[in-house]
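Below is one structure; the comments refer to it alone.
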Amino acid sequence: MRRSRGSMSAYQYIDPGPTPKATSPATARVMRRTGRRDTQPELRLRRALHRRGLRFLVDASPPGTNRRRRADILLTAAGIAVFVDGCFWHSCPAHAHPPKNNREWWRRKLEGVVRRDRDTDAELAAAGWLVVRVWEHEDFETAADGIARLWRERRSRSS
């Protein structure tokens with residue numbers, strides 16, 4: 001689990017160009033089935049948070065921010081936005097392996113995702129939200145403990 005500070009640089013979308021054709025029917029199936037929400041890592045973290053008594057919004061835009069940017073988990077009472085980042089899509093430093101095919105297109109695409117993440121972090125921080133990012137490979141029980149601790153700290157400060 002990492003708290004994100006973001007950067008205040010202006011976000012600029014990186015257009016990787018037209019999406020290349022899948023190199024095989026199996027690749028096409030995998031990409032078609034990749035969901036935007038309710039991934040297994042998200043579900044595991046949500047269950048762990050729920051067991052700790054936390055209630056939250058799912059796939060929601062934090063108030064006061066760009067409505068197109070959606071947090072995976074939003075703890076509104078404490079002002080915490082949680083993102084569960086997949087190692088591939090968000091370029092995990094430990095596990096990112098760029099595809100061999102269409103390498104340049106994927107490099108630009110994934111660089112754009114990381115840039116958008118940093119811009120989202122900065123936007124949420126400027127609006128008073130605490131951004132927490134959890135990698136899909138992290139232990140969700142440990143991450144949930146950390147998030148619950150942050151929730152208690154922020155709630156006690158506001159009362």
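What you see is a predicted model; the values in this text were computed from it and never measured. Keep in mind that the numbers below use all heavy atoms, side chains included, and drop hydrogens, waters and symmetry copies.
Glu42 places a side-chain N or O within donor-acceptor distance of the main-chain N or O of Asp38, the cut-off being under 3.5 Å. With Trp129 contributing its side chain and Glu123 its backbone, the two residues share no donor-acceptor pair below 3.5 Å.
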For the pair Ile147 and Leu75, evaluate side-chain contact (heavy atoms from CB on, under 4.5 Å) and give the outcome as yes or no after the intermediate values.
CA-CA 10 Å; Ile147 293 166; Leu75 298 152; 3.6 Å; yes
Apply the test side-chain contact (heavy atoms from CB on, under 4.5 Å) to residues Asp85 and Val134: give CA-CA distance (whole Å), side-chain angles for both, the deciding distance (0.1 Å), then the verdict.
CA-CA 6 Å; Asp85 291 343; Val134 179; over 6 Å; no
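For the pair Leu74 and Ala60, the tightest heavy-atom approach, listed with the atom from each and the gap, is CD2-CB, 3.8 Å. Taking all atoms of both residues into account, the shortest heavy-atom contact from Arg155 to Ala77 is NH1-CB, 3.3 Å. The minimum heavy-atom distance linking Gly64 with Ala127 is given by the pair O-CB, 3.8 Å.
Evaluation of the side chain to side chain contact (heavy atoms under 4.5 Å, CB included) rule for Glu136 yields Pro41, Cys87 as partners, not counting sequence neighbours. Shown here are the side chain to side chain contact (heavy atoms under 4.5 Å, CB included) partners of Ala94, two or more places apart in sequence or in another chain: Cys92. Residues that satisfy the side chain to side chain contact (heavy atoms under 4.5 Å, CB included) test with Ala48, not counting sequence neighbours, are Arg51, Arg52, Glu141, Ala144.
Within a 6.0 Å sphere centred on CZ of Arg68, other residues, nucleotides and ligands contribute 12 heavy atoms or fewer. The local environment of CZ in Arg103 is crowded, with over 12 non-hydrogen atoms from other residues, nucleotides or ligands closer than 6.0 Å.
Judged by the 6.0 Å and 45° rule, Arg133 forms a cation-pi pair with Phe83.
To the nearest 0.5 Å, atoms CH2 (Trp151) and CD1 (Ile80) are separated by 9.0 Å. Distance CZ/Phe140 to CZ/Arg46: 11.5 Å, rounded to 0.5 Å. The line from NE2 of His137 to CG of Asp139 is 11.0 Å long, rounded to the nearest 0.5 Å. To the nearest 0.5 angstrom, Asp117 atom CG is 8.5 Å from Arg69 atom CZ. In this structure, CG in Leu150 is found 11.0 Å from CG in Asp145, a value given to the nearest 0.5 Å. Note: Arg115 CZ to Ser91 OG = 12.5 Å, rounded to the nearest 0.5 Å.
Criterion: ILVMFWY side-chain heavy atoms under 4.5 Å apart, direct or through other members. Under it, Leu124 and Val114 are not part of a common hydrophobic cluster. There is no path of hydrophobic side-chain contacts, each under 4.5 Å, that joins Val84 to Leu43.
The shortest distance between side-chain heavy atoms of Ile73 and Leu57 does not fall below 4.5 Å. In this structure the side chain of Val58 never reaches within 4.5 angstrom of the side chain of Asp72, judged on heavy atoms. Side-chain contact between Trp135 and Pro93 is present, with heavy atoms from C-beta onward closer than 4.5 Å.
For residues 31-64, there are no ring pair (Phe, Tyr, Trp, His ring centres under 6.0 Å) pairs, not counting sequence neighbours. For the ring pair (Phe, Tyr, Trp, His ring centres under 6.0 Å) condition, the pairs that include at least one residue of residues 100-120, sequence neighbours left out, are Phe88-Trp106, Trp89-Trp106. Among pairs with a residue in residues 56-66, those fulfilling side chain to side chain donor-acceptor pair (under 3.5 Å) read Arg36-Asp59, Asp59-Arg70, Ser61-Arg70, at least two apart in sequence or across chains.
Between Asp121 and Arg118 there is a salt bridge, since at least one side-chain N of the basic residue sits less than 4.0 Å from a carboxylate O of the acidic one. A salt bridge is defined here as a Lys NZ or Arg NE, NH1 or NH2 lying under 4.0 Å from an Asp or Glu carboxylate O, and Arg108 with Glu111 fails to meet this definition.
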